Amino acid sequence: MTSKTAHIVDYGLGNLFSIKNACLKVGLTPTISSLPQDIERADIVILPGVGAFGDAMTSLRLKGLIEPIREVAQSGKPFMGICLGMQLLMTSSEEFGYNQGLNIIPGITSKLQTTYDNDNRPLKVPHIGWNRINTPILKEALEDNKWKNTPLSNIKEGEYMYFVHSYYVIPEDPKVVLSNTTYGQNTFCSSLRMNNIFAVQFHPERSGPSGLKLYAQLNACSKES
Amino acid sequence: MRIIPRLDIKGPNVVKGVQFEGLRVLGKPEDFAKYYYDSGADELIYMDVVASLYGRNGLLDIIEKTSREIFIPLTVGGGLRSIEDIRTVLRSGADKVAINTAAIQNPDLIHQASQTFGASTIIVSIEAIRKPNGKYEAYVDYGREATGVDACEWAIKAEKLGAGEILVTSIANEGTGSGFDTELMCRISKSVSIPVIGGGGAGCLQHVTEVINDGLVDGVSLASILHYNFIKQYSVSGSDYSNEGNVQYLTHQANTASLSRIHGATITELKQYLTRNGVACRQS
């Protein structure tokens with residue numbers, strides 16, 4: 001059986017080596033480039049990202065990557081956005097003024113506000129460190145295990161993942177939210193799924209064995225499809 | 001709360017001194033890193049202790065080797081002087097860099113690095129000593145050179161220039177096991193709105209809760225308290241440490257009196273202790 005290829009979209013931002021190492025660890029064959037044809041060719045596409053939303057969109061535009069990414073979203077091919085790569089999927093962002101996003105998932109990106117914990121200590125922004133991910137409680141009847149058949153399927157409820165961010169996404173449709181995370185008085189969407197599009201605010205490649213389980217499941221999900 | 005083992009690295013070895021002096025060879029970074037990853041460390045710091053004095057060696061190999069097996073954030077510092085140096089270290093597999101000497105000499109490096117790699121990649125490391133007037137002065141070159149720069153003012157400036165986090169080390173407490181300089185940590189934490197990691201002085205579990213509660217830090221960097229506990233179980237027989245500095249500790253010839261204040265612990269023991277004392281942390 002040949003290994004699936006996971007293409008990591010390189011648009012000049014962020015450390016892609018830890019993502020590459022995580023792919024290798026779970027038996028995926030990673031490729032890294034800014035070439036649109038590599039996105040088309042890959043079995044799985046990963047959109048990473050650290051840095052500013054506006055700069056990232058400019059860079060994607062200059063490299064001719066916006067349309068290829070939108071096409072992947074349409075194609076049904078497994079796709080994972082990480083951190084800024086999740087935020088870019090939204091319609092727009094309020095980071096340094098108004099910025100248009102990829103508009104693959106209707107919604108916005110908003111800034112975390114500094115809040116206080118129970119001991120009245122400020123919770124600093126950026127939010128850096130390990131935090132829990134939990135299934136959201138919706139008003140309508142709770143589905144049995146929302147994480148089934150997603151890359152989170154082997155992750156336990158309330159698992160800790162590693163976060164580094166100042167912004168978070170608010171999808172228009174709450175049903176796409178797979179998990180929420182609470183930081184002070186902020187509770188935000190920490191992972192989502194819409195059809196083939198899966199995205200996480202945390203960094204699974206820096207989240208120890210639990211994060212690797214997510215990569216392994218991403219690999220397994222793509223084999224079924 | 002983040003628990004962050006710090007490996008001071010000299011050539012191919014982990015070393016540890018007291019107040020950055022009298023470095024003892026403790027073992028191989030690869031072994032320490034793997035052990036701490038497996039036992040639930042939240043991040044790791046590698047500090048190349050001689051790079052800013054003699055130039056770099058071997059560190060990139062160590063980063064590359066360990067980053068293939070260790071899936072938690074890795075910060076690398078020591079002797080990084082330029083955007084190119086930072087890029088090289090990140091390309092070897094580091095997630096963040098810590099800069100001290102070069103940033104003091106050229107503060108614009110923080111701005112450039114933050115713009116190039118993102119603020120969350122750039123940690124400004126501040127090593128400080130308390131002066132008779134009660135103020136703290138920043139030192140460079142692994143605690144050897146005074147700068148005349150006030151540590152708190154420098155932290156504020158570093159944040160403005162785009163630093164994502166501050167790593168604060170008390171030189172006087174470092175390696176002594178006498179506890180953290182919570183006053184220094186508290187002053188810096190209150191001066192900035194970015195996360196502060198405090199280090200230098202932990203001798204027992206209680207010191208860690210003190211620096212969290214009184215020093216108001218967002219992460220704790222630890223060395224002796226973890227290292228000396230680990231090497232009790234660590235065999236050196238397979239490695240050749242000849243010509244690698246002071247290996248007396250490893251060969252059991254050391255006078256361990258100076259370590260009497262270090263009450264070693266595992267990360268699991270530490271996290272259980274913190275949880276019992278109301279500090280939320282990740283249990284693996």
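Each chain gets a letter, A, B and so on, in the order its sequence line appears, and its residues count up from 1. All figures in this text were calculated on a predicted structure; none of them were measured in a lab.
- Heavy atoms closer than 4.5 Å to chain A are found in the backbone of B:Ile70, but not in its side chain.
- Taking every heavy atom of both residues into account, B:Gly164 and A:Pro126 meet most closely at O-CG, 4.4 Å.
- Other residues, nucleotides and ligands contribute over 12 non-hydrogen atoms within 6.0 Å of the NZ atom of A:Lys111.
- Listed in order of number, the residues of residues 85-92 of chain A that approach chain B to under 4.5 Å between heavy atoms amount to none.
- Atom-to-atom distance recorded for B:Asp95:CG and A:Tyr162:OH is 8.0 Å, nearest 0.5 angstrom.
- Although no hydrogens or angles enter the test, the distance criterion places a donor-acceptor pair under 3.5 Å between the side chain of A:Trp130 and the main chain of B:Asp42.
- When each of A:Gly211, A:Ser18, A:Ala22 is scored by its heavy-atom pairs under 4.5 Å with chain B, the top score falls to A:Ala22.
- Interface residue B:Arg2: only side-chain heavy atoms are found under 4.5 Å from chain A.
- Within the 4.5 angstrom heavy-atom criterion, no atom of A:Pro204 approaches chain B.
- Using a cut-off of 4.0 Å between Lys/Arg side-chain N and Asp/Glu carboxylate O, A:Arg206 and B:Glu43 are scored as not salt-bridged.
- Using a 4.5 Å heavy-atom threshold, the side chains of B:Lys96 and A:Ile128 count as touching.
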Kindly list each side-chain donor-acceptor pair under 3.5 angstrom involving residues 28-36 of chain A, sequence neighbours excluded, with atom names and distances?
from    : atom 1 : to      : atom 2 : distance (Å)
A:Thr29 : OG1    : A:Ser3  : OG     : 2.6
A:Thr31 : OG1    : A:His7  : ND1    : 2.7
A:Ser33 : OG     : A:Leu35 : N      : 3.1
A:Ser33 : OG     : A:Asp38 : OD2    : 2.6

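- Residue A:Arg70 places its CZ atom among more than 12 non-hydrogen atoms of other residues, nucleotides or ligands, all under 6.0 Å distant.
- Each of B:Leu74, B:Val192, B:Ile194 has some count of heavy-atom pairs under 4.5 Å with chain A, and the biggest count is that of B:Ile194.
- Heavy atoms closer than 4.5 Å to chain A are found in both the backbone and the side chain of B:Ile72.
- Residues A:Thr114 and B:Ser193 are not in side-chain contact: their nearest non-hydrogen atoms beyond the backbone lie 4.5 Å or more apart.
- Contacts between B:Ser189 and chain A at a heavy-atom distance below 4.5 Å involve backbone atoms as well as side-chain atoms.
- For B:Glu165, the part lying near chain A is the side chain, with the backbone staying farther off; criterion is any non-hydrogen pair under 4.5 Å.
- To the nearest 0.5 Å, atom CD of residue A:Glu159 and atom CZ of residue B:Arg282 are 8.0 Å apart.
- Side chain of A:Lys124 to main chain of B:Pro195: no donor-acceptor pair is present (N/O by atom type, distance under 3.5 Å, no hydrogens or angles).
- For B:Ala119, no part lies near chain A; criterion is any non-hydrogen pair under 4.5 Å.
- Considering every non-hydrogen atom in both B:Leu90 and A:Phe17, the closest pair reads O-CD1, 3.7 Å.
- Put simply, the side chain of A:Asn21 reaches to within 4.5 Å of the side chain of B:Arg68, judged on heavy atoms.
- Here B:Arg91 is the residue among B:Arg91, B:Gln283, B:Glu69, B:Met1 with the most heavy-atom pairs under 4.5 Å with chain A.
- With values rounded to the nearest 0.5 angstrom, A:His203 atom NE2 is found 6.5 Å from B:Ser120 atom OG.
- B:Phe71 has its side chain out of reach of A:Ser210: every pair of non-hydrogen atoms, C-beta onward, lies at least 4.5 Å apart.
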